[in-house]
> 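First, the structure itself, so that you have it in front of you.
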2 protein chains.
Amino acid sequence: MAHWREQKRERTRNALREAAFRLFAEHGYEDTTVARIAAEAGVSHMTFFRYFPSKEDVVLRDDYDPVLEELIRAQPPEKPPLRRVRDAVMSAVPAVYAQERQALLLRSRLLLATPALRSRMGESLNGSQTAFERGLSDPAETDTPPLAARVVASACVAALTTAITAWVEEGGTGDLPALMDQAFDALESLGVPDA
Amino acid sequence: MAHWREQKRERTRNALREAAFRLFAEHGYEDTTVARIAAEAGVSHMTFFRYFPSKEDVVLRDDYDPVLEELIRAQPPEKPPLRRVRDAVMSAVPAVYAQERQALLLRSRLLLATPALRSRMGESLNGSQTAFERGLSDPAETDTPPLAARVVASACVAALTTAITAWVEEGGTGDLPALMDQAFDALESLGVPDA
DNA sequence: GAGTAACCTGTTATCAACTAACATCTGACG
DNA sequence: CGTCAGATGTTAGTTGATAACAGGTTACTC
């Protein structure tokens with residue numbers, strides 16, 4: 001129904017992504033050319049770049065940020081900022097973890113093991129940080145949020161990244177939500193005098 | 001005058017870096033080819049890559065990390081981790097700031113304004129995080145530091161990055177050390193119930 | 001001081017990521 | 001049915017980055 005166009009677009013998009021991940025797992029990221037991915041998906045290499053601005057974006061792109069932004073905004077404003085982010089994140093992670101654990105592990109492993117991707121991760125994390133900042137800020141306020149809010153957001157992103165990194169490094173055997181809880185605990189006890 | 005070689009090496013290295021920054025300021029990062037930089041420094045484009053593994057590294061490389069690692073390690077171990085990092089950093093920043101303020105601003109501005117550089121910043125930050133982790137850990141311990149220490153390190157790097165970003169965004173008019181203090185304050189009050 | 005090994009550099013060729021220009025086709029819509 | 005916009009392929013070109021080889025220069029030794 002409505003616009004078959006978009007359906008086809010979504011299908012080629014998925015075909016490209018799936019072909020890419022399959023080839024990456026098979027021959028490694030560096031040894032997989034864009035042309036090969038495109039051929040595998042039945043399109044030309046130009047079409048690839050019309051769907052993904054760069055080779056790295058196939059792996060880096062995800063659409064968690066807008067969801068998290070909303071979840072943070074929906075938190076009761078009387079909670080301190082870190083609490084709002086923490087509760088919002090932990091309200092969503094377990095479900096995703098239960099459902100996409102394997103895919104998440106593969107993607108994260110690839111991300112951390114490939115220099116080209118690892119170096120561009122900062123970009124993605126920056127997007128998450130911005131989403132967190134927006135979720136914490138009054139949407140009426142138009143200018144940049146105060147420094148304190150930005151620090152909270154960046155610290156949360158850093159903590160979550162550290163948790164995922166630790167999870168991947170131990171082979172994905174541990175419980176990721178638990179690690180995230182630990183990481184948030186470490187953040188909350190940053191100010192207390194004893195460790 | 002031991003080894004003329006190293007002196008010459010250092011000179012071409014500087015010539016390349018200076019030519020690069022000059023051309024970047026003049027024509028922008030993207031519109032400056034590696035071949036042009038090399039020509040400007042009087043060498044071939046291959047020589048450029050023998051000194052810098054990539055075009056981005058000319059801007060990204062710095063040698064603060066080992067210094068900071070030592071400064072953190074020299075802190076009294078009875079201080080809580082965040083304090084050790086904070087005091088170490090703030091013991092060194094003002095001097096650097098007084099002396100290299102302009103250069104630091106130019107470099108940071110270029111870094112934040114150029115997508116290609118911004119996206120690879122994470123790599124550099126990752127190095128700083130590792131340095132912080134090592135400074136916080138017992139050097140006798142060989143395996144990876146505990147999650148809590150890694151979260152502290154990553155949060156500090158994130159806070160400092162946020163401070164520098166804010167500093168650049170306001171045109172470098174403010175006082176960077178003061179902003180860093182604010183950022184650390186925000187970190188320390190992460191756990192307290194009121195804002 | 002000659003000889004040799006190590007190092008640095010330039011030339012050339014090649015690869016792969018990415019971009020631009022143009023032609024083509026195929027649904028969408030009146 | 002006819003037009004039009006969006007999606008795709010072809011081709012060609014730019015640029016960052018690597019490899020192989022050759023020539024020259026510095027250091028080290030006998």
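Both backbone and side-chain heavy atoms feed into the values below; hydrogens, waters and symmetry mates do not. We name chains A, B, ... by the order of the sequence lines, and we start the count at 1 in each one.
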> Is A/Tyr51 near enough to D/dT8 that one of its side-chain N or O atoms lies under 4.0 angstrom from OP1 or OP2?
yes
> Quick one: does any side-chain atom of B/Trp167 pair with a main-chain N or O of B/Gly174 as donor and acceptor, under 3.5 Å?
yes
> Listing request: all salt bridge (Lys or Arg N to Asp or Glu O under 4.0 Å) pairs with a residue in residues 109-126 of chain B, at least two apart in sequence or in separate chains.
B/Glu56-B/Arg120, B/Asp57-B/Arg120, B/Arg120-B/Glu123
> Rounded to the Å, how far apart are A/Asp31 CG and D/dT18 P?
14 Å
> Rounding to a whole Å, what distance do you find between A/Phe48:CZ and D/dT10:C1'?
19 Å
> Determine, for B/Phe52 and B/Arg13, whether the Lys NZ or Arg CZ falls below 6.0 Å from the six-membered ring centre while staying within 45 degrees of the axis.
yes
> Using whole Å, report how far CZ of A/Arg120 lies from P of C/dA17.
13 Å
> Taking it one step at a time, do A/Arg22 and A/Glu18 satisfy salt bridge (Lys or Arg N to Asp or Glu O under 4.0 Å)?
CA-CA 6 Å; A/Arg22 183 157 38 83; A/Glu18 282 161 23; over 6 Å; no
> Taking CD from A/Glu56 and C1' from C/dA16, how many angstroms apart are they, rounded to a whole number?
12 Å
> Round to a whole Å and report the spacing from CZ of B/Phe49 to C1' of C/dC8.
17 Å
> Please report the distance, rounded to the nearest Å, between CG in A/Leu117 and P in C/dA17.
12 Å
> To the nearest Å, give me how far apart NZ (B/Lys55) and C1' (D/dT14) are.
12 Å
> One character per nucleotide, please: for nucleotides 22-27 of chain C, 5' to 3', B when the base has a protein heavy atom closer than 4.0 Å, S when only the sugar-phosphate does, - otherwise.
----BB
> Between A/Met46 and B/Val34, which has a closest nucleotide on DNA chain D that is more 5'?
A/Met46
> Write down the atom of B/Ser128, the atom of B/Asp65, and the distance for their closest heavy-atom approach.
OG-OD1, 3.0 Å
> Out of C/dC8, D/dT18, D/dT11, which nucleotide sits closest to the side chain of A/His45?
D/dT11
> Look at all strands and tell whether B/Thr33 reaches a base, only sugar-phosphate, or nothing, counting heavy atoms closer than 4.0 Å.
sugar-phosphate
> Using a distance-only test with no angle check, is there a side-chain donor-acceptor pair under 3.5 angstrom linking A/Asn14 and A/Arg11?
no
> Identify each donor-acceptor pair in which a side-chain atom of residues 177-185 of chain A lies under 3.5 Å from a protein atom, sequence neighbours left out, and give them as a table.
{"residue": "A/Asp181", "atom": "OD1", "partner": "A/Arg86", "partner atom": "NH2", "Å": "3.1"}
{"residue": "A/Asp185", "atom": "OD1", "partner": "A/Arg86", "partner atom": "NH1", "Å": "3.1"}
{"residue": "A/Asp185", "atom": "OD1", "partner": "A/Arg86", "partner atom": "NH2", "Å": "3.0"}

> Taking OP1 and OP2 of D/dG9, is either one under 4.0 Å from a side-chain nitrogen or oxygen of A/Thr47?
yes
> Rounded to the nearest angstrom, tell me the gap between atom CD in A/Gln7 and atom P in D/dA7.
14 Å
